[in-house]
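Beneath this line is the structure, given in structure tokens, with notes to follow.
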Number of protein chains: 2
Amino acid sequence: MMSELVQRLAPLGLRFADSSAMMLIAANPGITASALGRMLDIQRANMVPLLNRLEVAGLIERKPLNGKSHSLALTEAGQAKLDQGERVIAEFETWLIDRVPEEHRPHFKPALDALWRD
Amino acid sequence: MMSELVQRLAPLGLRFADSSAMMLIAANPGITASALGRMLDIQRANMVPLLNRLEVAGLIERKPLNGKSHSLALTEAGQAKLDQGERVIAEFETWLIDRVPEEHRPHFKPALDALWRD
DNA sequence: ATGTGTTGTTATGAGTTATAACAATTCCAT
DNA sequence: ATGGAATTGTTATAACTCATAACAACACAT
């Protein structure tokens, strides 16, 4: 399932982690790199190449916040790319849920959501 | 979810791929290494370290079948280990399904099963 | 019998993730 | 306010996983 999504995101030049990061940045503008890493369960050290990639692609902006932390925000291009990504993800979800028999369909997303909500 | 299962299997000295392989060997005694790899979607080349690991641990046996292929089977210790593994997996499934609200619970496993059945 | 495809295997390269270290800086308790 | 502890972004690096290519030995179909 995941590899299907990854393949659908690839044409946009997005990896799965990229989309996740951009979604969280969009939802938490000004978030710091390590806070983002904590949410995504990605090591601080491994955030560097990820954010570099997004910055080089012109999708995010890093602003020095207080001499130690940086503040992350989507650029306009970043927001546009995220919109495309979310459209792909929505299509993927439809594709996915269409595979479950109708009787179980309404229960599927609520059940999945419940899995990771503490 | 997967990392939870991996952590639960680790104390048995089993990886996820190990358990999967052993289940399929148990269900298809005498299966060949590359056939197993095809079922698990694991490259032929990458089966080698996996099977070596299981063989060194005394969990499986490789018998020359026809000079080209080998025939795989669980040893007694392997069957015992698999039993333990399956118990852990059953507990994991219970733990998992307990997290979904009761109303959706009966629909959950059928829905998941439908995802990968073509 | 001969060519085609398969098997198990080695070697290797690409990619991902975890760990450790570091300097700079902020935070907090006294 | 100040000194110790914790945090941040970063580099370097090691461990792992996974995919690709090559190979000799063999099976199999025509």
Side-chain angles (χ1 to χ4, degrees), chain A residues 1-22 24-25 28-57 59-74, chain B residues 1-22 24-25 28-57 59-74:
Chain A
M1 297 302 132
M2 277 306 134
S3 79
E4 169 74 22
L5 177 54
V6 167
Q7 281 178 15
R8 284 167 180 248
L9 285 173
L12 296 181
L14 288 179
R15 309 193 188 184
F16 182 68
D18 295 349
S19 325
S20 316
M22 290 177 69
L24 284 178
I25 293 175
N28 308 76
I31 194 178
T32 201
S34 42
L36 181 58
R38 254 172 267 131
M39 288 193 193
L40 291 171
D41 203 20
I42 295 180
Q43 236 55 32
R44 213 161 68 254
N46 296 326
M47 291 300 293
V48 179
L50 197 169
L51 295 177
N52 281 346
R53 198 187 324 136
L54 294 180
E55 193 178 37
V56 166
L59 303 177
I60 65 166
E61 220 180 5
R62 280 196 261 215
K63 275 189 200 165
L65 190 59
N66 56 14
K68 185 167 72 162
S69 313
H70 285 187
S71 142
L72 302 175
L74 291 188
Chain B
M1 297 301 132
M2 276 308 135
S3 79
E4 170 73 24
L5 178 53
V6 167
Q7 281 178 16
R8 285 168 180 246
L9 286 173
L12 296 182
L14 288 180
R15 309 191 187 185
F16 182 68
D18 296 348
S19 325
S20 316
M22 290 176 69
L24 284 178
I25 294 175
N28 308 76
I31 193 179
T32 201
S34 42
L36 182 57
R38 254 171 266 130
M39 288 196 194
L40 291 171
D41 203 21
I42 295 180
Q43 238 52 35
R44 212 161 70 253
N46 296 326
M47 291 300 293
V48 179
L50 197 169
L51 294 177
N52 281 346
R53 198 187 324 136
L54 294 179
E55 192 178 39
V56 166
L59 303 177
I60 64 167
E61 221 179 3
R62 280 197 261 214
K63 275 190 201 164
L65 190 59
N66 57 13
K68 184 167 72 161
S69 314
H70 286 185
S71 142
L72 302 175
L74 290 187

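Numbers restart at 1 for each chain; the letters A, B, ... are given by sequence-line order, proteins then strands. From a predicted model like this one, the values you see are computed outputs, not experimental measurements.
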Examine [N]: is either OP1 or OP2 under 4.0 Å from a nitrogen or oxygen in the side chain of [X]? Give yes or no.
{"X": "B/Gln43", "N": "D/dA19", "result": "yes"}
{"X": "B/Arg53", "N": "D/dC16", "result": "no"}
{"X": "B/Ser34", "N": "C/dT6", "result": "no"}

Rounded to the Å, how far apart are [X] [atom1] and [N] [atom2]?
{"X": "A/Arg44", "N": "C/dA18", "atom1": "CZ", "atom2": "P", "value": "13 Å"}
{"X": "B/Asp18", "N": "D/dT17", "atom1": "CG", "atom2": "P", "value": "10 Å"}
{"X": "A/Asp41", "N": "C/dA18", "atom1": "CG", "atom2": "P", "value": "7 Å"}
{"X": "B/His70", "N": "C/dT9", "atom1": "NE2", "atom2": "P", "value": "6 Å"}
{"X": "B/Asn46", "N": "C/dT9", "atom1": "CG", "atom2": "P", "value": "13 Å"}
{"X": "B/Ile31", "N": "C/dT7", "atom1": "CD1", "atom2": "P", "value": "11 Å"}
{"X": "B/Met47", "N": "D/dT17", "atom1": "CE", "atom2": "P", "value": "14 Å"}
{"X": "A/Leu65", "N": "D/dG9", "atom1": "CG", "atom2": "P", "value": "9 Å"}

If the condition is side-chain contact (heavy atoms from CB on, under 4.5 Å), which residues does A/Ala35 pass it with, not counting sequence neighbours?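 In terms of side-chain contact (heavy atoms from CB on, under 4.5 Å), with neighbours along the sequence ignored, A/Ala35 is linked to A/Ile31, A/Thr32, A/Arg38.
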Among [options], which nucleotide sits nearest the side chain of [X]?
{"X": "A/Thr32", "options": "C/dT9, C/dT7, D/dT8", "answer": "D/dT8"}
{"X": "A/Ala45", "options": "C/dG8, D/dA21, D/dT10", "answer": "D/dT10"}
{"X": "B/Val48", "options": "C/dT10, D/dT20, D/dT8", "answer": "C/dT10"}
{"X": "B/Ser69", "options": "D/dT20, C/dG8, D/dT10", "answer": "C/dG8"}
{"X": "B/Lys68", "options": "C/dA21, C/dT6, C/dT25", "answer": "C/dT6"}

Using the closest heavy atom to pick a nucleotide of DNA chain C for each, name whichever of A/Gly67 or B/Arg62 lands nearer the 5' end.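 This one resolves to B/Arg62.
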Got more than 12 heavy atoms from elsewhere within 6.0 Å of CG, A/Asp41?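 Open.
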Test item: A/Leu14 and A/Met22 side chains (from C-beta on) under 4.5 Å apart, heavy atoms: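 They are in contact (side-chain heavy atoms under 4.5 Å apart), so the answer is yes.
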Side chains of A/Ile42 and A/Met47 in contact at under 4.5 Å (non-hydrogen atoms):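 A side-chain contact under 4.5 Å exists here.
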Can you pull the salt bridge (charged side-chain N to carboxylate O under 4.0 Å, His left out) pairs that have at least one residue in residues 3-18 of chain B, sequence neighbours excluded?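 Matches after skipping sequence neighbours: B/Glu4-B/Arg8, B/Asp18-B/Arg53.
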